[in-house]
Student: 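Just dropping this structure here.
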Amino acid sequence: APGVARAVGMRKTAVADVRVAPGVGRIFVNDRPFDEALPSLSVRLHVLKPLLATDALGRFDVVARADGGGPSAQAQAVQHGLAKALLLQLGSAARARLGDMVLHDARRVERKKPGRRKARTGFAYVRR
């Protein structure tokens, strides 16, 4: 559709496909209003952050599909995708205002190693 910017956002194992179109400020995540899809207030702030940074709240409609990870990682994936989509909508002028939001955080959970309890934690030393 004309005027629709699409971007993919990622965080840990969560992936979000985000579409941004000129509109009245409706935000949908997984076919539900975002306040219903993301019940926690702190998690919701992640989604709003790029819109607030660019003064775009109420100027665009956002439709996002998030998959994988937990609610927090999904919200951060939506934030990443939304920031990238807003960059396409608003042009390079928004780059400085979005800052690190357009960058992908590549950190992953480190794998568990053999002979260890977790990735780095050893087993408790048995003294007798």
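The analysis underlying the following values was restricted to heavy atoms, covering all of them including side chains, and did not include hydrogens, waters or symmetry mates.
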Student: Taking all atoms of both residues into account, what is the closest heavy-atom pair of M101 and A83, and its distance?
Tutor: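 Reported closest heavy-atom pair: O-CB, 3.7 Å.
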Student: Determine the minimum heavy-atom distance between P22 and G3, stating which atoms define it.
Tutor: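 Smallest interatomic distance, heavy atoms only, reads CD-O, 3.1 Å.
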Student: Would you check if the side chain of Q74 reaches a backbone N or O of V15 as a donor-acceptor pair within less than 3.5 Å?
Tutor: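 Such a contact is absent between Q74 side chain and V15 backbone.
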Student: Considering only heavy atoms from C-beta outward, does the side chain of D67 approach that of N30 to under 4.5 Å?
Tutor: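 The answer is no; the side chains never approach within 4.5 Å.
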Student: Do Q79 and K84 pass the side chain to side chain contact (heavy atoms under 4.5 Å, CB included) test, and can you show the C-alpha distance, the side-chain angles, and the key distance before you say yes or no?
Tutor: CA-CA 9 Å; Q79 175 186 325; K84 284 164 67 176; over 6 Å; no
Student: Please give me the minimum heavy-atom distance between V47 and L51, naming the atom from each residue.
Tutor: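 Closest pair (atom of V47, atom of L51, distance): O-CD1, 4.3 Å.
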Student: Could you go through R26 and V24, starting from their C-alpha distance and side-chain angles, then the distance that decides it, and tell me whether this counts as side chain to side chain contact (heavy atoms under 4.5 Å, CB included)?
Tutor: CA-CA 6 Å; R26 287 186 293 258; V24 295; 3.6 Å; yes
Student: Is the backbone of Y125 close enough, under 3.5 Å, to the side chain of R127 for a donor and an acceptor to pair up by distance?
Tutor: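 Yes; at least one donor-acceptor contact below 3.5 Å.
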Student: Report the residue from H80, H104, R107 that forms a side-chain contact (heavy atoms from CB on, under 4.5 Å) with R11.
Tutor: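 That would be R107.
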Student: Determine, stepwise, if the pair R95 / L87 fulfils side chain to side chain contact (heavy atoms under 4.5 Å, CB included).
Tutor: CA-CA 7 Å; R95 181 73 180 87; L87 204 58; 4.0 Å; yes
Student: Taking atom OG of S40 and atom CG of L45, what is their separation to the nearest 0.5 Å?
Tutor: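 Here the interatomic distance stands at 8.5 Å.
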Student: Please round to the nearest 0.5 Å and tell me the distance separating atom CG of L52 and atom CZ of R97.
Tutor: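 Result: 11.0 Å between the selected atoms.
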Student: Distance-only, no hydrogens or angles: does the K118 side chain make a donor-acceptor pair with backbone N or O of R116 under 3.5 Å?
Tutor: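 No; judged by distance alone, with no hydrogens or angles, the pair does not exist.
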Student: Same cluster or not: V62 versus L57, using hydrophobic residues (I, L, V, M, F, W, Y) connected whenever any side-chain heavy atoms lie under 4.5 Å apart?
Tutor: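 V62 and L57: one cluster.
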Student: One pair to check against salt bridge (charged side-chain N to carboxylate O under 4.0 Å, His left out): R65 and D31. What are the steps and the verdict?
Tutor: CA-CA 8 Å; R65 293 202 60 86; D31 301 322; 2.8 Å; yes
Student: Do you know the tightest heavy-atom contact between G81 and A7?
Tutor: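 For G81 and A7, the tightest heavy-atom pair comes out as O-CB, 3.4 Å.
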Student: Using modelled atom types and a 3.5 Å cut-off, is there a donor and acceptor pairing between side-chain atoms of T121 and backbone atoms of R117?
Tutor: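 Here the side-chain-to-backbone pair does not exist.
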Student: Check D105 with K12, please: is the shortest side-chain N to carboxylate O separation under 4.0 Å?
Tutor: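 No, K12 and D105 are not salt-bridged.
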Student: L82, L48: one ILVMFWY side-chain cluster at the under-4.5 Å cut-off?
Tutor: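 Yes, because L82 and L48 connect within a single hydrophobic cluster, where side-chain heavy atoms sit under 4.5 Å apart.
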Student: Short question: side chain of H46, backbone of Q76 - any donor-acceptor pair under 3.5 Å?
Tutor: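 Between the backbone of Q76 and the side chain of H46 there is no qualifying donor-acceptor contact (under 3.5 Å).
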Student: Can you name the nearest heavy-atom pair linking R44 to F34, along with the distance?
Tutor: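 Heavy-atom minimum between the residues: CG-CE1, 3.5 Å.
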Student: Are more than 12 heavy atoms from other residues, nucleotides or ligands located less than 6.0 Å from atom CZ of R108?
Tutor: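 For R108, atom CZ is crowded (more than 12 foreign heavy atoms under 6.0 Å).
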Student: Does any part of the side chain of L86, heavy atoms only, come nearer than 4.5 Å to the side chain of V20, both counted from C-beta?
Tutor: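 Yes, close enough: below the 4.5 Å cut-off.
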Student: Quick check for you: to the nearest 0.5 Å, what is the distance between L98 atom CG and K49 atom NZ?
Tutor: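 Those atoms lie 10.5 Å apart.
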Student: Kindly determine whether T13 and V109 satisfy side chain to side chain contact (heavy atoms under 4.5 Å, CB included), including the steps that lead there.
Tutor: CA-CA 9 Å; T13 57; V109 176; over 6 Å; no
Student: So, the side chain of D61 versus the backbone of A21: is there a donor-acceptor pair under 3.5 Å, distance only?
Tutor: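 It does not hold such a pair.
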Student: For a quick test of reading the model, state the closest non-hydrogen atom pair linking L90 to R59 and the distance between them.
Tutor: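 Minimum heavy-atom contact is CD2-NH2, 3.4 Å.
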